[in-house]
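Read through the structure below, which is laid out as structure tokens, and then see the notes.
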Amino acid sequence: MFKIVEKAKIAESTFLMKIEAPMVASKRKAGQFVMLRIDEPGERIPLTIAGSETVRGTITIIFQVAGDTTRQLSTLNTGDYLLDIVGPLGHPTHIENYGTAVCVGGGLGIALVMPIVQALHDAGNHVISIISARNKDLLICEKEMEAYSKEFLIATDDGSKGIKGFPTQVLQDMINKGKKIDIVFAVGPVPLMSAVSKLTKPYNIKTIVSLNPIMVDGTGMCGCCRVLIDNKPKFVCVDGPEFD
Ligand code: FES
């Protein structure tokens with residue numbers, strides 16, 4: 001059993017939880033996820049590990065209420081227990097000093113790109129973060145993202161904070177101004193990751209995205225997370241979740 005030691009609502013329908021899982025906390029790296037089950041009849045869902053505290057032995061998850069399980073999870077409180085947490089799963093993000101790394105996080109993807117931003121910062125990269133959401137009330141992890149970024153930009157669909165528009169416009173502006181970009185990481189809704197990949201491709205900027213299909217076992221056995229990468233079948237849970 002895994003105890004919830006902290007819970008906070010950080011935006012509309014979006015919650016942060018810190019959960020005691022010392023072995024996962026001591027091993028996890030940026031980009032990895034856990035499979036979680038609330039109780040015996042519950043379904044298993046994948047959630048990216050947004051952070052950890054090794055001394056306290058906790059991992060941090062950030063989730064949006066999007067279905068029955070996340071709705072049930074959102075009703076749990078500090079002191080409640082989860083039945084299973086399996087992880088860390090998936091390949092960690094490949095981190096090195098690339099030079100200038102742009103990290104794009106959209107919606108809940110901001111929480112998921114955050115550990116990548118921290119790891120790139122610690123490896124000495126010049127990190128530029130672009131975060132986006134429909135409006136300012138849906139922006140999350142702003143302080144944490146800004147703390148680890150040399151440049152920090154916000155885009156909202158309605159212009160309520162930062163520039164009015166999409167993060168791809170911010171990225172395109174940077175490229176137009178001649179900014180040398182060595183790598184881009186994009187995490188968020190599939191249309192956002194697709195738009196970022198299409199934008200950077202003609203400039204030959206290496207671009208990594210984190211896929212988030214439905215998963216059942218998370219260990220390469222069920223096949224339900226199968227995707228085609230370069231026309232070759234891959235399982236997101238064991239071959240990813242990040243792909244070029
Ligand atoms: Fe079953 Fe990936 S979740 S193979």
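Just so you know, ligand 1 is whichever comes first in the structure, and atom 1 is the first atom listed for that ligand. Note that the numbering runs from 1 along the sequence shown for the chain.
Ion pairing between R44 and D84 fails under the 4.0 Å rule for side-chain N and carboxylate O. Taking the charged nitrogens against the carboxylate oxygens, D39 and R37 have no contact shorter than 4.0 Å, which rules out a salt bridge. Of the charged side-chain nitrogens involved, at least one lies within less than 4.0 Å of a carboxylate oxygen, so that E53 and K18 count as a salt-bridged pair.
Protein N/O/S atoms found under 2.8 Å from atom 2 (Fe) of ligand 1: C225 SG, C237 SG.
For the residue pair Y203 and Q172, a side-chain donor N or O sits within less than 3.5 Å of a side-chain acceptor on the partner.
Between F15 and F63, the ring planes are parallel. Angles under 30° get that label, and only those over 60° would be called perpendicular.
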Side-chain polar contacts of residues 1-10 - donor-acceptor pairs under 3.5 angstrom, sequence neighbours left out - could you list them?
| unit_1 | atom_1 | unit_2 | atom_2 | d |
| --- | --- | --- | --- | --- |
| E6 | OE1 | R56 | NH1 | 2.9 |
| E6 | OE1 | R56 | NH2 | 3.1 |
| K7 | NZ | S74 | O | 2.6 |
| K7 | NZ | L76 | O | 3.0 |
| K7 | NZ | N77 | OD1 | 3.3 |

